[in-house]
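Some notes on the structure that comes next.
Protein chains get the first letters and strands the later ones, always in sequence-line order, with residue 1 at the start of each.
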Amino acid sequence: MSKPRFYLTTAIAYPNGRPHMGHAYEAIASDVIARFKRLDGHEVRFLTGTDEHGLKIDQAARAAGMAPKDYVDQMVAPFRSLDEQLGISFDRFIRTTDADHKALVQALWQRMAANGDLYLGRYEGWYSVRDEAYYDAAELIEAQDAAGATVKLSPQGTPVEWTVEESWFFRLSAYQERLLALFDGQPDFIQPQSRFNEMRAFVAGGLTDLSVSRTSFDWGIPVPGDERHVMYVWLDALANYLTGADGSGRGGLDGEWWPADLHIVGKDVVRFHTVYWPAFLISAGLSLPKTVFGHGFLLNRGEKMSKTLGNVVDPAEMATRFGVDRLRWFLCREVAFGDDGSYSDEAIVERTNADLANGIGNLAQRSLSMVAKNLGGVMPTRAGAPGETEVRLKEAFLAGSEAYFGAMNGLALHKALDALMGMVAAANGYFAENAPWALAKTDVTRMAEVLAATLDATRRIVILAQPFMPASTAQLLDQLGVAEDAREFSGFNTAVDAGVQLPPPAGVFPRITLEG
RNA sequence: GGCAGCGUAGCUCAGUUGGUGAGAGCGCCGGAUUCAUAACCCGGAGGUCGGCAGUUCAAAUCUGCCCGCUGCUACCA
């Protein structure tokens with residue numbers, strides 16, 4: 001019997017600057033889901049990468065005196081190295097400048113054209129180079145420039161200029177009914193619910209055709225048959241998910257991984273993924289992704305990160321300072337997945353000390369060190385007939401693991417970790433209640449039973465924590481004597497055999513302080 | 001302006017269809033304990049549930065208005 005497949009993607013990053021916490025957050029959350037699915041018996045394909053075309057890159061490259069391709073080659077490096085540092089287990093790091101991607105996008109265009117959805121027209125309006133978007137006159141705001149003259153700015157406060165260009169259009173207006181049917185027939189297509197409501201309202205309000213080519217620059221994928229035009233960056237970018245679905249790298253539209261099970265994207269690009277993208281796919285006669293999840297933004301002490309405020313932090317530096325697994329844990333535990341979240345050095349220290357040092361780490365250390373000191377580090381035999389405390393522990397773990405899996409399958413990462421911490425509390429309660437350190441002087445057999453039960457509880461906790469903290473959990477499972485081929489969820493109920501010699505315990509999550 | 005959501009202990013949040021004394025985690029204080037990373041375990045303090053007015057025998061939970069915040073969307077200057 002073959003494994004069920006699961007194909008998930010992150011949005012691809014635009015490498016016109018250094019990666020920020022938002023990139024790290026999206027990559028980490030997606031990686032947690034990818035690892036969860038693998039441990040849960042799925043064959044997973046996990047795609048991430050960079051979106052490298054468009055006017056902004058073209059201009060930045062010119063400013064740097066470089067060819068665009070040389071420029072992006074250089075700019076992409078920090079994104080890749082950040083992913084590697086954070087332990088992101090992607091199967092492919094796609095770049096929209098990859099040859100197979102270019103071929104695929106052109107094939108996609110031709111399918112949409114063959115379906116009669118592309119036509120040549122003229123586009124004019126207020127265009128913001130920085131936003132790469134046109135705005136209605138009504139959306140613009142007025143401001144004074146340095147010389148005191150009145151200038152028009154986009155809603156984002158970027159300069160706009162009146163622009164007229166020939167453009168290919170996509171007949172998006174013809175897709176309103178089909179998109180509404182999609183939304184209504186598949187209410188979990190857009191998550192969380194609040195995003196679904198917004199997008200449904202947007203589509204219900206009527207759709208206008210979409211300009212999907214540009215003639216004002218040439219750093220992009222040429223339109224087949226009309227090479228004066230390059231394709232709209234979003235059409236180019238969205239298609240990366242199709243390119244990445246082809247494991248062979250041929251660039252065919254029939255990639256074996258398509259359709260994607262899950263697109264993880266930021267809340268700011270939900271519209272592109274839930275309105276434009278499905279319309280493009282329907283036009284091309286391709287099937288649709290199952291779910292698009294729009295996560296929230298990370299705020300630095302409750303404020304948006306901006307260069308102006310000077311509160312932009314480098315995720316690579318954060319990971320180095322606190323440790324990759326601490327950062328991963330904090331972001332998944334403290335931020336409700338789908339909502340905006342806030343972080344600070346203090347919050348990271350407090351949260352991870354409480355959960356990891358005092359919680360999981362201490363549980364492992366206190367039980368393992370008793371086994372090492374009292375039983376020569378040999379895994380003890382479990383209780384023959386479970387007592388009342390064992391029954392309660394078992395029940396707590398049954399409920400806890402059920403809550404964990406329910407939350408993970410519903411993409412509620414923070415709730416899964418809440419359930420996991422409930423299991424930690426139950427295990428610590430069991431340990432304190434039975435006081436094996438006292439039993440060591442009165443009833444060594446019973447002490448061994450208590451230790452065995454505690455170690456098994458710890459093993460279960462660590463097994464479930466693996467998607468979140470791959471490196472630390474591997475160390476802990478080593479210490480707990482769990483064989484490398486027994487770490488998937490299928491082995492969740494299989495205890496380590498009595499008699500196994502355990503390595504000497506060593507703390508995995510030391511307490512940290514801000515000064516340290 | 002319209003639509004949607006939110007505002008509950010210092011912090012992050014739970015609170016089904018209104019009904020026994022308003023909860024959890026973290027933080028804080030106290031106790032107990034010593035296996036453990038001054039950790040764990042037990043206990044405690046802290047809230048006029050944004051404000052006002054209603055409906056009801058009874059509202060954090062329903063209605064109206066107001067204040068504040070967020071998102072989507074429209075439009076006037």
Look at all strands and tell whether A/Glu350 reaches a base, only sugar-phosphate, or nothing, counting heavy atoms closer than 4.0 Å.
sugar-phosphate
Go through the steps for A/Asp31 and A/Arg328 under the test salt bridge (Lys or Arg N to Asp or Glu O under 4.0 Å), then give the verdict.
CA-CA 10 Å; A/Asp31 184 63; A/Arg328 290 175 62 112; 2.7 Å; yes
5'-most contact on RNA chain B: A/Asn358 or A/Glu334, nearest heavy atom basis?
A/Glu334
Checking A/Gln176 side chain against A/Val203 main chain: does a donor-acceptor pair fall under 3.5 Å?
yes
Taking atom C1' in both B/C3 and B/G47, what distance in whole Å separates the two?
33 Å
Distance, C1' atom - from B/C26 to B/C67, rounded to whole angstrom:
30 Å
Taking only the side-chain heavy atoms of A/Arg366 (C-beta and beyond), determine which of B/G27, B/C41, B/A36 contains the nearest atom.
B/A36
Same-atom distance (P) from B/A4 to B/C65, integer angstrom:
13 Å
B/U17 and B/G54: how far apart are their C1' atoms, nearest whole angstrom?
22 Å
Rounded C1' spacing from B/G68 to B/G25 in Å
27 Å
Give one of base, sugar-phosphate or nothing for A/Asn428, where a contact means two heavy atoms less than 4.0 Å apart.
sugar-phosphate
Distance only, no hydrogens: is a donor on one side chain within 3.5 Å (strictly under) of an acceptor on the other, for A/Ser367 and A/Thr454?
no
Options B/U34, B/A4, B/G71, nucleotide nearest the side-chain atoms of A/Trp437:
B/U34
Counting any heavy atom closer than 4.0 Å, what does A/Gly361 reach on the DNA or RNA strands: base, sugar-phosphate only, or nothing?
base
Quote, to the nearest angstrom, the C1' distance that separates B/A45 from B/G23.
16 Å
Could you check whether A/Ala201 gets within reach of a base, just the sugar-phosphate, or nothing at all, counting any heavy atom under 4.0 Å?
nothing
Quick check for you: among B/G27, B/C35, B/A39, whose closest atom lies nearest to any side-chain atom of A/Asn362?
B/A39
Rounding to the closest angstrom, what is the interatomic distance between B/U70 and B/U8 at atom P?
15 Å
Closer to the 5' end of RNA chain B via nearest nucleotide, is it A/Ser194 or A/Pro436?
A/Ser194
Would A/Tyr241 and A/His273 count as a close aromatic pair, with their ring centres under 6.0 Å?
yes
Among B/U37, B/A4, B/C26, the nucleotide that comes nearest once only the side chain of A/Phe509 is considered:
B/U37
Pairing nucleotide - B/G71, Watson-Crick or G-U, each distance under 3.5 Å
B/C3
Would you say A/Asp209 and A/Ser173 are linked by a side-chain donor-acceptor pair, where the criterion is simply a distance under 3.5 Å?
yes
Pick the P atom in B/C40 and in B/G30, then give their distance to the nearest Å.
16 Å
Considering only B/G71, B/C40, B/U37, which nucleotide approaches the side chain of A/Arg195 most closely?
B/G71
